[in-house]
Amino acid sequence: MTVITPTKNDGAIGVSAPMTEVPPEQTLDPAAFEMFAPGSGLNGQFLADTLSAFLAHEQCGVHLYRTVAGASENPVLQGKYRQFLAQTEQHVAVLERLISALGGNPYYVSPTARLVHAMNTGMLQGVVLAAGSAEPLVRELAMLEAVLLAETKDHADWSFLGELVDHVPDGQVRQALAAAVQEVEPEEDDHVGWAKDMWRKMSMLQARSTMTMKIADFTEKAMATLKNTVTGGG
Amino acid sequence: MFNPLEHKGLPIEQQTRSWNDLNVEPYAKRAIHPYSRSRIILMNGIEVEAILFSHQFARHTDNPDVRQKLATSRRIEAQQQKAINWLSPGDETPLETTIGYEQVAIDLTAWLARNEPDPYIKQTFDFGLLEDFDHLYRYANLYELISGERAEELTQDLTEIMPGRPTAVEHRHPVDDLRRHYDRHTVDPLTRLHVMTLVAGEQQTMNFYMNHGPDFMEPVARGLYLEIAQIEEQHVTQYESLLDPVESWFEQLVHHEYNECYLYHSFLSEETDDRLRRLWELHLDMELGQLQVACDLLRTYNGIDPEEILPPALPQPTRFQENKEYVRDVLAGQIDLRTVGPDYVPIEQLPEDSASLRYQDQVNGDGIPSEAVIDQARADGGEYRRELLGTHPIDWLRQPAHG
């Protein structure tokens with residue numbers, strides 16, 4: 001079953017760090033790193049920690065898309081966010097399966113994953129906690145910018161895995177990596193491409209708007225124009 | 001099995017009470033059960049923490065919806081705090097309240113330690129326990145010195161009164177009070193509740209001592225409050241450092257409300273005072289309503305379903321019970337424990353250049369109020385102890401022979 005926030009109830013495990021204490025019964029046995037991605041010639045600990053971080057980023061992506069889909073006032077953007085949400089949930093499942101296939105535990109939350117989670121939390125909190133500072137269209141753009149940033153990193157993660165396949169000898173690890181990348185990377189291309197393009201269009205729209213236009217008028221007109229832009233209407 | 005998420009509770013818009021409702025009849029200080037007073041003291045601290053946390057959160061957002069919901073819940077939390085703290089009678093002196101605070105600190109910390117699943121967190125609780133245990137002894141002696149009364153009339157012998165880790169050696173360099181924190185992913189739900197409860201309890205104790213210390217005329221009392229207030233600051237530093245800092249504001253809000261539900265639910269079932277039981281019942285119903293609001297904020301602004309981060313049911317309840325034997329066991333085994341950074345070490349492993357030893361030299365250099373109060377008690381007819389299970393388990397802490 002896909003887990004979006006691993007907890008003790010789900011069987012989450014981790015490792016202690018300079019300022020983090022994990023109970024012994026929930027501490028990952030270091031020997032597990034040596035058995036991760038066997039026969040691949042890769043650094044098992046780095047790969048296990050990094051895949052855990054990639055999974056954390058996808059899990060945070062689910063939280064991000066739930067939030068922006070609920071907060072967006074534009075039905076077109078909402079629809080896109082919901083589509084990406086469903087796909088991101090699938091990406092979580094793909095990564096869970098990949099980690100299991102490589103001999104790991106998908107409920108292992110690495111120190112790297114904790115930092116990724118902290119960064120994502122900070123970004124999302126920035127968007128929602130300062131929402132009172134901006135007009136609706138500015139908030140809409142900020143949410144889209146958060147999506148663009150998240151998808152840019154997401155895309156980098158999957159590109160890295162795609163490149164990694166070329167460095168792994170034939171075998172079970174290579175097959176598992178290649179299958180996951182094949183399943184997810186096209187959607188990641190789509191996500192980052194859409195986010196980049198939409199952010200550019202929305203920003204351009206505002207940059208070319210009449211300077212003297214009142215904010216309220218501008219917002220109303222811009223939202224209508226934006227809707228037409230993304231739906232291809234006249 | 002009680003899952004707070006399955007209960008709507010009292011809707012927030014129906015929670016406002018009148019001044020008359022809040023200006024409750026105080027308890028009789030000699031008649032109330034010590035553990036009923038303990039529950040009052042603790043829940044006051046819990047509500048104070050809820051208010052302070054909400055204020056901090058509000059200072060980090062201009063989102064109008066979030067601010068409005070925080071302000072609305074916070075106003076109710078503030079009313080709850082009044083309804084609880086106004087149970088304290090006017091004839092209960094700050095020193096008598098202080099003895100109640102230390103009884104809470106001992107029997108709460110001991111219970112939490114006995115039931116704490118994480119060994120490092122349990123060690124931290126045991127470590128703090130011996131220090132609060134010593135504070136009760138020092139304040140009890142002050143009580144007899146300046147009031148001529150005996151602390152057992154308040155504690156009713158549910159808690160022993162004798163030295164713990166001497167207050168004079170509790171003073172540590174700030175870096176030796178910082179602990180490793182739990183991980184939000186691997187933490188047992190009970191551990192999180194335990195830590196949040198102790199942070200709130202110790203914070204309230206710190207606030208009380210730092211504000212009431214100057215109420216006294218007697219230099220020995222002013223000195224003792226000053227010194228122990230600084231230890232309570234250390235304890236807040238210690239316990240709050242156990243909290244995972246990567247939880248978002250919204251997650252923290254949910255956990256605060258959840259902990260309030262947990263504690264009111266715990267105390268509802270063990271309260272022996274009918275009037276208080278009705279208050280805990282009402283407040284549980286209110287907290288369930290506030291939890292709903294917090295969960296809605298978590299869903300809306302973090303995209304997190306509360307079920308993702310909360311257990312399917314409340315863990316085992318927290319109880320106020322006697323812990324005399326447990327405290328003695330911890331005394332016998334851990335009296336000489338010290339800290340180096342986040343780690344616990346026997347005193348003989350403390351480095352010669354320990355920052356805490358240097359700090360102790362600085363603060364204790366011109367006299368130690370916590371020792372002075374015992375010296376004065378001895379000079380005034382003998383120190384006060386209530387060793388109910390026999391002589392002190394540590395040789396060098398046994399009462400010196402007279403003459």
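Not measured: the values here are computed from a predicted model.
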Engineer: Can you tell me if B:Lys122 has over 12 outside heavy atoms packed within less than 6.0 Å of its NZ?
Structural biologist: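 It does: B:Lys122 NZ has more than 12 such atoms within range.
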
Engineer: Can you check whether B:Trp249's main-chain N or O pairs, donor with acceptor, with A:Gln125's side chain at less than 3.5 Å?
Structural biologist: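 Checked: pair present.
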
Engineer: What part of B:Phe57 gets within 4.5 angstrom of chain A, counting heavy atoms only: side chain, backbone, both, or neither?
Structural biologist: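 It is the side chain, since no backbone atom gets that close.
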
Engineer: Where on B:Ser248 is there a heavy atom nearer than 4.5 Å to chain A: the side chain, the backbone, both, or neither?
Structural biologist: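 Both backbone and side chain.
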
Engineer: Pick from B:Ile304, B:Val66, B:Asp244, B:Asp305: which one has the most heavy-atom pairs with chain A under 4.5 Å?
Structural biologist: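 Max contact count across the listed options: B:Ile304.
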
Engineer: Once rounded to the nearest 0.5 Å, what's the spacing between atom CD of B:Glu308 and atom CG of A:Asp10?
Structural biologist: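 Spacing of CD (B:Glu308) from CG (A:Asp10) equals 9.0 Å.
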
Engineer: Tell me, for B:Arg179 versus chain A, whether the close heavy atoms (under 4.5 Å) come from the side chain, the backbone, both or neither.
Structural biologist: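 For B:Arg179, backbone heavy atoms alone lie under 4.5 Å from chain A.
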
Engineer: Nearest 0.5 Å please: distance from the CZ atom of B:Arg299 over to the OG1 atom of A:Thr67.
Structural biologist: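 So the gap between those two atoms works out to 12.5 Å.
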
Engineer: Taking CZ in B:Phe2 as the centre, count heavy atoms belonging to other residues, nucleotides or ligands within less than 6.0 Å. Is the count above 12?
Structural biologist: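 More than 12 heavy atoms, drawn from other residues, nucleotides or ligands, come within 6.0 Å of this atom.
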
Engineer: Return the option, out of B:Leu242, B:Ile309, B:Asp188, B:Thr191, with the maximum number of heavy-atom pairs under 4.5 Å with chain A.
Structural biologist: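 So the answer, after comparing B:Leu242, B:Ile309, B:Asp188, B:Thr191, is B:Asp188.
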
Engineer: Counting only heavy atoms not in B:Arg75, do more than 12 sit closer than 6.0 Å to its CZ atom?
Structural biologist: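 At most 12 heavy atoms, drawn from other residues, nucleotides or ligands, come within 6.0 Å of this atom.
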
Engineer: Most heavy-atom pairs under 4.5 angstrom with chain B, which of A:Leu115, A:Val109, A:Leu85, A:Thr27?
Structural biologist: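 Heavy-atom pairs under 4.5 Å are most numerous for A:Val109.
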
Engineer: Checking heavy atoms, do the side chain of A:Ala113, its backbone, both or neither come under 4.5 Å from chain B?
Structural biologist: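 When you check distances to chain B, no heavy atom of A:Ala113 falls under 4.5 Å.
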
Engineer: Heavy-atom cut-off 4.5 Å, strictly under: side chain, backbone, both or neither for B:Asp65 against chain A?
Structural biologist: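 No part of B:Asp65 comes within 4.5 Å of chain A.
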
Engineer: Counting only N and O atoms by type, is there a donor-acceptor contact under 3.5 Å from the side chain of B:Thr186 to the main-chain atoms of A:Ala12?
Structural biologist: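 No.
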
Engineer: Tell me, for A:Ala130 versus chain B, whether the close heavy atoms (under 4.5 Å) come from the side chain, the backbone, both or neither.
Structural biologist: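 It is both, since atoms from each part get that close.
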
Engineer: If every non-hydrogen atom of B:Asp183 is compared with every non-hydrogen atom of A:Val22, which pair is closest and at what distance?
Structural biologist: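 Heavy-atom minimum between the residues: CB-CG2, 4.4 Å.
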
Engineer: Can you name the nearest heavy-atom pair linking B:Asp118 to A:Pro23, along with the distance?
Structural biologist: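 Distance-wise, the nearest heavy atoms are OD2-CG, 3.3 Å.
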
Engineer: Which atoms of B:Pro119 come close to chain A, meaning under 4.5 Å heavy atom to heavy atom: side chain ones, backbone ones, both, or neither?
Structural biologist: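 Interface part for B:Pro119: side chain.
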
Engineer: Is A:Pro24 in contact with chain B via its backbone, its side chain, both, or neither, using a 4.5 Å heavy-atom distance?
Structural biologist: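 Side chain only.
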
Engineer: Is there a donor-acceptor pair under 3.5 Å between the side chain of B:Asp62 and the backbone N or O of A:Ser133?
Structural biologist: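 Yes, the answer is positive, given that a donor and an acceptor are paired below the 3.5 Å cut-off.
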
Engineer: May I have the step-by-step check of side chain to side chain contact (heavy atoms under 4.5 Å, CB included) for B:Arg180 and A:Thr20, ending in yes or no?
Structural biologist: CA-CA 5 Å; B:Arg180 286 184 288 276; A:Thr20 310; 6.0 Å; no

Engineer: Taking the side chain from B:Asn63 and the backbone from A:Leu129, do they hold a donor-acceptor pair closer than 3.5 Å?
Structural biologist: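 Not confirmed, B:Asn63 side chain does not pair with A:Leu129 backbone.
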
Engineer: So for A:Ile4, is it side chain, backbone, both, or neither that comes closer than 4.5 Å to the heavy atoms of chain B?
Structural biologist: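 It is both, since atoms from each part get that close.
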
Engineer: Any side-chain heavy atom of A:Arg66 sitting closer than 4.5 Å to one from B:Asn302?
Structural biologist: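 Result no, sub-4.5 Å side-chain heavy-atom pair not found.
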
Engineer: Could you tell me whether the side chains of B:His185 and A:Arg114 share a donor-acceptor contact shorter than 3.5 Å?
Structural biologist: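 Absent: no donor and acceptor within the cut-off.
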
Engineer: For a quick test of reading the model, state the closest non-hydrogen atom pair linking A:His117 to B:Val246 and the distance between them.
Structural biologist: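 Taking every non-hydrogen atom into account, CE1-O, 3.7 Å.
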
